[in-house]
Amino acid sequence: MKNQQITIAIDGPSGAGKSTIAKRLAVELGIAYLDTGAMYRAVGLKAHELSIDFSDISAIEMMLEATEVDVVYKDGIQQILLDGKDVSVRIREHFVSKLASDISAIPCVRIWLVERQRKVASVDGCVLDGRDIGTYVLPNASFKFFLTASLKVRAKRRFDELIAKGMSADISKIESDIAQRDHNDSTRDFAPLKKADDAIEVDSSNLGIDEVVEVMLKKVKSKR
Ligand code: DC
């Protein structure tokens, strides 16, 4: 299989390191990377900025009709464009995590974004990270991984990231927010966070980034 034809799904709960690992894997294999969570974040941010009530489904549908979410690369760095405007930094704000999780439970939002995600994945080889890539977006992905880590480890990593950025952080609040998002994402009705039956589970609690990438690359290379 040529690299250009490979699709790799990396699903798992919040803070397991999916995007860091997916990015690295994509570079190692010379294929594209798509952060699907960023797309939910952009849509959640827009609905919030328009003061749309998330229970008002027709307002959400109308909003989607007038929305563009694009993922582009500038100097090798992924940028998320919302209606042509770069929101890559904005969507990482803490409050947007909850908005993304809430809006991702709405079926019309998922259907709208999944169509765009499949389009990106169909052009070239791609690593996609998210919650439902292996189960719903790309059920025939060439490789599926389910990346986990204990709640404590995930909360500590987020905490360290924020401290490294010079921001203040409360580890127990981070832990409860992550637990809440895990619950939201895995209990929604439509395409919840779930390990695909044929996904390989990788627990990164005691592994560094390089080790996780190595485990995944080994699997990919052994089957080609
Ligand atoms: O990966 P992330 O933390 O940026 O994702 C933000 C939210 O988006 C997450 O809580 C659930 C949702 N999401 C989803 O439902 N399906 C995906 N494929 C990716 C993200």
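Numbering of ligands and ligand atoms starts at 1, following listing order.
Checking side-chain atoms of Lys144 against main-chain N and O of Gly134 turns up a donor-acceptor pair under 3.5 Å. In this structure, Lys46 contributes its side chain and Glu68 its backbone to no donor-acceptor pair below 3.5 Å. Between the side chain of Lys18 and the backbone N or O of Leu128, no donor-acceptor pair lies under 3.5 Å.
The heavy atom nearest to atom 7 (C) of ligand 1, considering only Ala38, Ala105, Ala100, is found in Ala100. Comparing Arg131, Met39, Arg188 by heavy-atom distance to atom 17 (C) of ligand 1, the nearest is Arg131. Of the candidates Ser14, Gly12, Gly37, Gly37 brings a heavy atom nearest to atom 20 (C) of ligand 1.
The protein non-hydrogen atom at the shortest distance from atom 8 (O) of ligand 1 is Tyr40 CB, 3.5 Å. In terms of protein heavy-atom proximity, atom 3 (O) of ligand 1 is closest to Arg181 NH1, 3.0 Å. Among protein heavy atoms, atom 4 (O) of ligand 1 sits closest to Arg41 NE, 2.6 Å. Considering only non-hydrogen protein atoms, atom 19 (C) of ligand 1 sits nearest to Thr36 OG1, 3.3 Å. Of all protein heavy atoms, the one closest to atom 10 (O) of ligand 1 is Asp185 OD2, 2.8 Å.
Under the 4.0 angstrom criterion for non-hydrogen atoms, Arg110 is in contact with ligand 1.
A donor atom on one side chain and an acceptor atom on the other are not found under 3.5 Å apart for Arg154 and Ser205. For the residue pair Arg157/Ser204, the side-chain donor-acceptor check at 3.5 Å is satisfied.
Considering all non-hydrogen atoms of both residues, Asp129 and Ile133 come closest at C-CG1, 4.0 Å.
With a 4.0 Å cut-off on non-hydrogen atoms, Ser104 touches ligand 1 through its side chain and not its backbone.
Residue Asp129 has no nitrogen or oxygen atom sitting less than 3.5 Å from a nitrogen or oxygen atom of ligand 1, judged on distance alone.
Asp53 CG: more than 12 foreign heavy atoms inside a 6.0 Å radius.
With a 6.0 Å cutoff to the six-membered ring centre and a 45° limit on the axis angle, Arg116 does not count as a cation-pi contact of Tyr40.
Near Gly130, meaning under 4.0 Å from any of its heavy atoms, are these atoms of ligand 1: 17 (C), 18 (N), 19 (C).
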